[in-house]
Enquirer: 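So that we are looking at the same thing, I have put the structure below in structure tokens.
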Amino acid sequence: MKSDTPAEHLSVSEPEHRRSIKSFVLRQGHMTAAQQRAIDENWARLGLDYRAEAVDLNRVFGRDAPKVLEIGFGMGTATAEIARRLPDYDFLAADVHGPGVGNLCKLLAEQDLHNVRVMRHDAVEIVENMLPDNSLHGIHIFFPDPWHKKRHHKRRLIQTPFVAKLLPKLHSGGYIHLATDWEEYALQMLEVLSGFAELKNTAADFAPVPAYRPETKFEMRGKRLGHGVWDLVFTKL
């Protein structure tokens, strides 16, 4: 990841090639010594390794509390801040970018936050194989890669097949919160989510920014460049 962007690198593969959905485009990055040390020293407490079997999230976190899946957390700054603001919620944060994983572990350790577990793995496989149905209270996907060129739109993460994989994992009353700084992508997100009868928009179209979501460096940079920011919050009936 280039910045605090929680999901900037996420994409979806091309269905016409009959390839499976992927939640990322893998990019290499330089892991600092501090980031690697944070993983080495804290993974046993903060990390969760992927395995292709259902996991009991209450057991993972050691308590019965609302569970939120965050897909793509960038450098983890926003994730740590949300976890601090919502101590009564547990967050499963998934990303594949090593420096971001290390940085989030570092932030969680420094701030003594206990309500986040970090995974370095493809979120689609996590959703398909590890998360039981009705196990999530919320799903956060902030600033996924907009793939702004029209010929690349098919690579975008927020499309009907992917959302269809997510919805069974949400319990009734749970929510999906998306954010983007690309208006055209925001309109696509709105169309996709509005296409599911089991989802209800909490706003007429785009939602006010919930109090728990901090402004990221990526978002601030976008605003300086004249970009708007659009949040969508839908609940499951």
Enquirer: Compare every heavy atom of Lys169 with every heavy atom of Pro132, then report the nearest pair and how far apart it is.
Expert: O-CD, 3.8 Å
Enquirer: Rounded to the nearest 0.5 Å, how far apart are CG of Leu57 and CG of Asp90?
Expert: 8.5 Å
Enquirer: Could you walk me through whether Ile82 and Phe91 pass the side-chain contact (heavy atoms from CB on, under 4.5 Å) test, one step at a time?
Expert: CA-CA 9 Å; Ile82 292 171; Phe91 297 88; 3.7 Å; yes
Enquirer: Within the supplied structure, the quantity of interest is the number of heavy atoms (other residues, nucleotides, ligands) at a distance under 6.0 Å from Tyr89 OH; does it exceed 12?
Expert: no
Enquirer: Are a donor atom and an acceptor atom from the side chains of Asn129 and Tyr50 found within less than 3.5 Å of each other?
Expert: yes
Enquirer: Side-chain donor-acceptor pair under 3.5 Å between Gln111 and Arg84, yes or no?
Expert: no
Enquirer: Going from CG on Leu108 to CZ on Arg117, what distance comes out if it is rounded to the nearest 0.5 angstrom?
Expert: 9.0 Å
Enquirer: Determine the minimum heavy-atom distance between Ala197 and Leu237, stating which atoms define it.
Expert: O-CD1, 3.5 Å
Enquirer: Does any part of the side chain of His177, heavy atoms only, come nearer than 4.5 Å to the side chain of Phe142, both counted from C-beta?
Expert: yes
Enquirer: So, the side chain of Asn42 versus the backbone of Ala38: is there a donor-acceptor pair under 3.5 Å, distance only?
Expert: yes
Enquirer: Measuring from atom CD1 of Ile126 to atom NE2 of His121, what distance do you get when rounded to the nearest 0.5 angstrom?
Expert: 6.0 Å
Enquirer: Between the main-chain N or O of Ile158 and the side-chain N or O of Gln188, is there a donor-acceptor pair closer than 3.5 Å?
Expert: yes
Enquirer: Show your reasoning for whether side-chain contact (heavy atoms from CB on, under 4.5 Å) applies to Lys236 and His171.
Expert: CA-CA 7 Å; Lys236 184 178 179 182; His171 64 63; over 6 Å; no
Enquirer: Between CE of Met189 and CZ of Phe206, what distance do you get to the nearest 0.5 Å?
Expert: 9.5 Å
Enquirer: Over all heavy atoms of both residues, which pair between Ala186 and Leu232 is shortest? Give the atoms and the distance, please.
Expert: O-CD2, 4.2 Å
Enquirer: Checking Asp205 against Trp230 for the side-chain contact (heavy atoms from CB on, under 4.5 Å) test, could you report, in this order, the C-alpha distance in whole Å, the side-chain angles of both residues, the deciding distance, and whether it holds?
Expert: CA-CA 10 Å; Asp205 41 42; Trp230 293 265; over 6 Å; no
Enquirer: If you draw a 6.0 Å radius around CD in Glu198, do more than 12 non-hydrogen atoms from other residues or ligands fall strictly inside?
Expert: yes
Enquirer: Between Met31 and Ile39, is a side-chain contact (heavy atoms from CB on, under 4.5 Å) present by the stated rule, with each step listed?
Expert: CA-CA 11 Å; Met31 181 95 72; Ile39 293 175; 3.9 Å; yes
Enquirer: Could you grab the distance from atom CG of Leu46 to atom CG of Leu104, nearest 0.5 Å is fine?
Expert: 8.0 Å
Enquirer: Distance check, rounded to the nearest 0.5 Å: Leu69 atom CG versus Leu166 atom CG?
Expert: 7.5 Å
Enquirer: Going by distance alone, is a donor N or O of one side chain under 3.5 Å from an acceptor N or O of the other, for Asn58 and Lys67?
Expert: yes
Enquirer: Give me the atom names and distance for the closest heavy-atom approach of Arg85 to Ala211.
Expert: NH1-O, 2.9 Å
Enquirer: Is it true that, when you exclude Lys106 itself, more than 12 heavy atoms of the residues, nucleotides or ligands shown sit nearer than 6.0 Å to its NZ?
Expert: no
Enquirer: When the ring centroid of Tyr175 is compared with that of His140, is the distance short of 6.0 Å?
Expert: yes
Enquirer: Considering non-hydrogen atoms only, spot the tightest contact between Asp231 and Pro210 and give its length.
Expert: OD2-CD, 4.0 Å
Enquirer: Does this structure show an ion pair linking Asp95 with Arg120, if we count only N-O contacts that are shorter than 4.0 Å?
Expert: no
Enquirer: If every non-hydrogen atom of Arg156 is compared with every non-hydrogen atom of His148, which pair is closest and at what distance?
Expert: NH2-CA, 4.2 Å
